[in-house]
Amino acid sequence: MKIDTHQHYWHYRAEDFPWISDGMPVLQQDCLPGDVEGALRLAGIGGVVAVQARSTPQETDFLLQMAAQHPQVLGVVGWIDLLSAEMDGSLERWCAHPALKGFRHILQDEPQVQDWVAAPGVQRGLAALQKRELVYDVLVFDHQLPSALALCARHADHWLVLDHVGKPALRDWARSNEVACHWRRNLGQLAALPHVMCKLSGLVTEAHQAPGSALSHSDEKKIWACFDHALEVFGPQRLMYGSDWPVCQLIAPYDAVHGLAQTWANTTLSAAEQAAFWSGNAIRCYGLNLPATPL
């Protein structure tokens, strides 16, 4: 079985998604589980984790509704206001749903990431989530990895997940080897924390910036190099596959994104390591309940 640990769904309204520009028509439409179902079937994906794309409580409700309606949605990583006085009540309600597995904040967009990470309210909120054994996904750009390290080092009672391999600035690698070196060093420091997992996801949009044109072999080599380094520092038991659909469609269709991961896994991982990468690690991290019969 294969599990895609990073998909987004939405009913598109421009005011809800200000980051989706007019240059992204492929995203300016409803993107729902049924729209990717055929591609998942062709890739052999039997389940997915839905991850928040809006920072509102309504996003969590919406994703849990998607999970209730679509059995392939095995888990939900929603959004919660860690600073809200109503947080405990929201958790009580959402945790009643078996698909709720964790939360995420779009940390990369915070103007002062280090201040957000250090805020006492954030510390209390994350501690409360970990006490309930809820996963927290960490979304940062590569230059923000030191702040992610500070956050993850303080909260070791349950799994934390680094999204998109820390979003390395692959388009800058040819210009400056220092950029790549900083990412490799910071990723290694984060991987030294045994409660942090890493998603091999989201890299097609970091490597390539020409919608409508195919990924070059140079782009593919950069992505595989990132996968290799993540394997070196995290090991095969803390890596998970994610597509970042539908955002990946800005650059590549689902089959191309899956194909990059499949080619890498086939040439790099043993059979047991592939089983961990494609599903075992996700099941262990998110506590996913598999369907009684294959989807």
Short question: side chain of [X], backbone of [Y] - any donor-acceptor pair under 3.5 Å?
X    : Y    : value
T5   : V49  : no
D35  : L32  : yes
W183 : V165 : yes
W10  : Q29  : yes
H8   : V51  : yes
N281 : P236 : yes
T268 : A265 : no
E273 : S270 : yes
N186 : H182 : yes

Check whether [X] and [Y] end up in the same hydrophobic cluster, where Ile, Leu, Val, Met, Phe, Trp and Tyr are linked by side-chain heavy atoms less than 4.5 Å apart.
X    : Y    : value
F141 : L151 : no
L126 : I106 : no
V76  : M87  : yes
W79  : V77  : no
L190 : V233 : yes

Count the heavy atoms belonging to other residues, nucleotides or ligands that lie under 6.0 Å from CG of N266, then report whether that count exceeds 12.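 Result for CG/N266: enclosed.
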Does some side-chain heavy atom of [Y] sit less than 4.5 Å from a side-chain heavy atom of [X]?
X    : Y    : result
L107 : V113 : yes
Y241 : S279 : no
M197 : R284 : yes
V138 : C152 : yes
W94  : T60  : yes
V247 : W19  : yes
C198 : R238 : no

Between [X] and [Y], is the gap from one ring center to the other below 6.0 Å?
X    : Y    : value
H6   : H164 : yes
W224 : H229 : no
H105 : Y136 : no
W264 : F227 : yes

Non-hydrogen atoms of [X] and [Y] that approach each other most closely:
X    : Y    : result
C248 : V257 : CB-CG2, 3.8 Å
A53  : E59  : N-OE2, 2.6 Å
P33  : V73  : CG-CG2, 4.4 Å
L193 : A153 : CD1-N, 3.7 Å
C226 : L170 : SG-CD2, 3.4 Å
C285 : V161 : SG-CG2, 3.6 Å

Euclidean distance, [Y] [atom2] relative to [X] [atom1], rounded to 0.5 Å:
X    : Y    : atom1 : atom2 : value
Q189 : R184 : CD    : CZ    : 14.5 Å
Y9   : H70  : OH    : NE2   : 8.0 Å
L134 : I80  : CG    : CD1   : 8.5 Å
S55  : D109 : OG    : CG    : 8.0 Å
H97  : L100 : NE2   : CG    : 8.5 Å

Evaluate I45 against I3 for side chain to side chain contact (heavy atoms under 4.5 Å, CB included), listing each step before the verdict. CA-CA 6 Å; I45 305 295; I3 295 172; 5.8 Å; no
So, are [X] and [Y] salt-bridged, with charged N and O less than 4.0 Å apart?
X    : Y    : value
K199 : D244 : no
D61  : R93  : yes
R104 : D163 : yes

Q123/H155 under side chain to side chain donor-acceptor pair (under 3.5 Å): CA gap, chis, key distance, verdict: CA-CA 8 Å; Q123 303 304 317; H155 298 280; 2.7 Å; yes
Step by step, work out the side chain to side chain donor-acceptor pair (under 3.5 Å) result for Q7 and D4. CA-CA 7 Å; Q7 292 202 348; D4 183 340; 3.1 Å; yes
Decide side chain to side chain donor-acceptor pair (under 3.5 Å) for Q262 and K2; before the verdict, give the C-alpha distance in whole Å, the side-chain angles of both, and the deciding distance to 0.1 Å. CA-CA 11 Å; Q262 185 72 74; K2 294 179 181 178; 2.4 Å; yes
Tell me which one of V140, L149, L139 satisfies side-chain contact (heavy atoms from CB on, under 4.5 Å) with L162. V140
Parallel, tilted or perpendicular, judged at 30° and 60°: which one describes the rings of H258 and Y254?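 Because their plane-to-plane angle is under 30°, the rings of H258 and Y254 count as parallel.
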Write out all pairs satisfying salt bridge (charged side-chain N to carboxylate O under 4.0 Å, His left out) with one or both partners inside residues 9-21, taking only residues at least two apart or from two chains. R13-E15, R13-D16, D16-R54
For the pair Y286 and D137, evaluate side chain to side chain donor-acceptor pair (under 3.5 Å) and give the outcome as yes or no after the intermediate values. CA-CA 11 Å; Y286 286 111; D137 273 34; 2.8 Å; yes
